[in-house]
Amino acid sequence: MAGDGLPRIAVVGAGIFARTQYIPRLREISHLVLLKAIWSRTKESAEAAAELTRDFAPEIQPRWGDAGLEEIMGDASISAVAVVLAGQVQVELSLKMLKAGKHVIQATMEAETALSVYNSYPNQFPYKPIWALAENYRFEPAFVESRKLMSDIGDMMNIQVIVEGSMNSSNPYFNSSWRRNFVGGFILDMGVHFIAGLRMMVGSEIATVSSISRHVDKALPPPDNICSLFQLENGCAGVFVFAVNSRSPKILWRVDGTKGTVQIERGIASGKHGYQVLFTNENGQCQTTFYPFCGVNEELKAFVHDIVQAKKDGDHKAESRSSYVEGARDVAVLEAMLESSAKQGATVQVKKFLHL
C-alpha cells in the first residue's frame, strides 16, 4: 500500500446496482478505502461509471474487457475487489480474483461448487483471500437489534415472512435479462435477502420445507409466487409467502413468542426508506423503532476492516455475518423450496454447509 496506507479496491461491474449503491457507499467511506479502478465490459460504460467517482476518487482508472480484468488481477496495489455482476458470471469471476490473491465481496447465487473450488485453492499467499457476502440483510441495524429482542419474547411459537414485492415494469431491474435466464428467476435473486433476514432474526437453522410455487404473472419469469411451510431445527414452524409483484407491496418478518412478539416491516419515515421494528412485550405494550437502510455501508466497512486485519494476520477470516457460507445457506433454503414445489409440496431437507 502506498503513502496514506488505505487499502485499494476495484469495482467489477458498472450496472445499476454498482452506480446507485456501491459508488455512493464507497464515497461515504472514502476515508477508509481508496477506489482505484472500476471495470465494465465496454470502454464507454467503464468511463461513464468512473466519472461518477471523480469527486472522491480523482485517480480512478476505468478498465474494460478481458484486458481490463487481467490488469486488475495483476495490479499488486489492489488488495480487494467488489464483484457486482450478473448472477451467472459473478461466481466464476470471483473465483478468478480469489485465485489471483484478491479479497472479494459479492452477492450470492450458486454456492456448493464454488465453495469446494475456493477451499481447494493452495495457500500460495501470505494470507487466505477473504470471500465476503454482499447485499446482506445481516448488516441492517433493524435485524441486528431484532435479534437481541428475541430473547425477550420467550419460546418461539410461530413465524411469518410475508413478501408482496413490486417487481413491475417501472422497476429498473424488471428487464434484467440475467434474472430471466435461470431457474428460479426473481424468486431466487430477491428471496435470498428475505431468507437471510429470517435466519438472522431467529438464530436457528431451517431444517425442512414444504412448498408450492406458481406462475401467475406472465410478464415475469416462472415462478413468480411461492408459499412454503418451514420448520426450524429448534422445532418452531413458520410460513414464507412471496409474490414477486403485488398491487399492495408489503415486506414483513414476524415472530410470535410466549412472552411477546417481534416484527420487522419495510417502510418509510421522515422521507427515509428503512425498517420499522415493533416489539410487543408480555403486558401488551408495543415499542416501535425505525431504522433507515444502511446495510451496504455497514458491510463494506466490515469488509475493509477484514482486509486490513488479513494483512496483519494471515489467518484472519471474514466476520461471521459476511461469510460466503452464510449466503450458501440462504440459497440452500430457497433451492429446497423450489425442489419441494417440483415434487408437489413434498417435504425436503435443507442442505447444510460447514463454515469456511
Side-chain angles (χ1 to χ4, degrees), residues 6-30 32-75 77-100 102-110 129 131-136 167 170-182 186 189-190 192-193 293 295-297 299-301 303-304 307 324 327:
L6 294 180
R8 268 68 171 156
I9 191 170
V11 172
V12 174
I16 297 169
F17 201 81
R19 296 194 307 269
T20 63
Q21 296 297 321
Y22 273 81
I23 288 175
R25 301 296 83 77
L26 287 167
R27 178 181 289 109
E28 292 172 10
I29 62 168
S30 57
L32 299 175
V33 63
L34 191 150
L35 177 58
K36 183 169 182 186
I38 189 161
W39 177 92
S40 186
R41 283 172 295 178
T42 67
K43 177 182 179 181
E44 294 75 20
S45 178
E47 290 181 340
E51 285 305 311
L52 299 175
T53 73
R54 294 289 181 192
D55 60 310
F56 70 95
E59 298 180 8
I60 183 135
Q61 300 168 351
R63 296 282 184 253
W64 57 89
D66 291 342
L69 289 174
E70 292 295 332
E71 288 168 349
I72 289 172
M73 287 189 285
D75 188 337
S77 73
I78 295 175
S79 57
V81 177
V83 177
V84 196
L85 293 172
Q88 291 95 326
V89 299
Q90 65 178 354
V91 170
E92 179 185 356
L93 203 145
S94 292
L95 289 169
K96 284 183 179 179
M97 292 292 170
L98 289 161
K99 194 171 184 180
K102 309 299 184 190
H103 303 296
V104 169
I105 184 168
Q106 66 151 109
T108 305
M109 288 307 296
E110 60 182 273
W131 196 2
L133 178 64
E135 301 167 44
N136 185 347
M167 186 54 66
S170 64
N171 190 299
Y173 298 102
F174 179 77
N175 290 315
S176 171
S177 60
W178 72 263
R179 291 175 175 86
R180 294 173 174 272
N181 294 332
F182 71 92
F186 287 105
D189 176 56
M190 297 165 65
V192 288
H193 305 302
F293 292 148
V296 174
N297 188 298
E299 72 191 14
L300 282 171
K301 286 196 288 187
F303 180 58
V304 171
I307 63 180
Y324 192 79

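The first residue in the sequence is number 1, and the count goes up from there.
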Quiz prompt | Closest non-hydrogen atom pair between Ile60 and Ala50, with its separation | solution = CG2-O, 3.8 Å
Practice problem: Find the distance between CD (Gln61) and CG (Leu35) and round it off to the nearest 0.5 Å. | Solution: 10.0 Å
Exercise. Find the distance between CD1 (Ile9) and OG (Ser77) and round it off to the nearest 0.5 Å.
Key: 12.5 Å
Practice problem: Using the test salt bridge (Lys or Arg N to Asp or Glu O under 4.0 Å), find all partners of Glu51 that sit at least two apart in sequence or belong to another chain. | Solution: Arg54
Quiz item: Does the pair Ile72 and Met97 meet the rule for a side chain to side chain contact (heavy atoms under 4.5 Å, CB included), with working shown?
Solution: CA-CA 9 Å; Ile72 289 172; Met97 292 292 170; 4.1 Å; yes
Quiz item: Is Lys102 reaching over with its side chain to a backbone N or O of Ile78, donor-acceptor style, under 3.5 angstrom?
Solution: yes
Quiz item: Can you tell which of Leu6, Leu26, Leu300 makes a side chain to side chain contact (heavy atoms under 4.5 Å, CB included) with Val33?
Solution: Leu26
Quiz item: Do Arg63 side-chain atoms and Leu69 backbone N/O form a donor-acceptor pair below 3.5 Å?
Solution: no
Quiz item: Any idea which heavy atoms bring Ser30 and Phe56 closest together, and the distance?
Solution: CB-CD1, 4.0 Å
Exercise. Return the set of residues passing side-chain hydrogen bond (donor to acceptor under 3.5 Å, both in side chains) with Arg27 (not counting sequence neighbours), or none when no residue passes.
Key: Asp55
Practice problem: Under the ring pair (Phe, Tyr, Trp, His ring centres under 6.0 Å) rule, collect the residues that match up with Tyr22, sequence neighbours excluded. | Solution: Phe17
Quiz item: Can you name the closest pair of heavy atoms from Gly13 and Leu85 and give their distance?
Solution: CA-CD2, 3.7 Å
Practice problem: Work out which heavy atom in Ile29 is nearest to a heavy atom in Lys301; give both atom names and the distance. | Solution: CG2-CG, 3.5 Å
Quiz item: Taking only residues two or more places apart in sequence or in another chain, which ones pass side-chain contact (heavy atoms from CB on, under 4.5 Å) with Glu44?
Solution: Thr42
Exercise. Return the set of residues passing side-chain hydrogen bond (donor to acceptor under 3.5 Å, both in side chains) with Arg25 (not counting sequence neighbours), or none when no residue passes.
Key: Gln21, Glu28
Exercise. Write down the atom of Val304, the atom of Pro7, and the distance for their closest heavy-atom approach.
Key: CG1-CG, 4.0 Å
Practice problem: Start with the C-alpha distance between Ile23 and Ile38, add both sets of side-chain angles, then the distance that settles side chain to side chain contact (heavy atoms under 4.5 Å, CB included), and finish with yes or no. | Solution: CA-CA 10 Å; Ile23 288 175; Ile38 189 161; 4.1 Å; yes
Quiz prompt | Verdict with reasoning, Glu59 to Lys36, per side chain to side chain contact (heavy atoms under 4.5 Å, CB included) | solution = CA-CA 7 Å; Glu59 298 180 8; Lys36 183 169 182 186; over 6 Å; no
Quiz prompt | Check: Ile105 main-chain N/O paired with Trp131 side-chain donor or acceptor under 3.5 Å | solution = no
Quiz prompt | Any side-chain heavy-atom pair of Leu93 and Val12 under 4.5 Å | solution = yes
Quiz item: Thinking salt bridges, do Arg8 and Asp75 make one under a 4.0 Å N-O criterion?
Solution: no
Quiz item: Out of curiosity, Leu32 CG to Phe303 CZ, how far, rounded to the nearest 0.5 Å?
Solution: 13.0 Å
Quiz prompt | Partners meeting side-chain contact (heavy atoms from CB on, under 4.5 Å) with Ala46 (sequence neighbours left out) | solution = Ser40, Pro62, Trp64
Quiz item: Of all heavy-atom pairs between Ala18 and Val11, which one has the smallest distance, and what is that distance?
Solution: CB-CG1, 4.4 Å
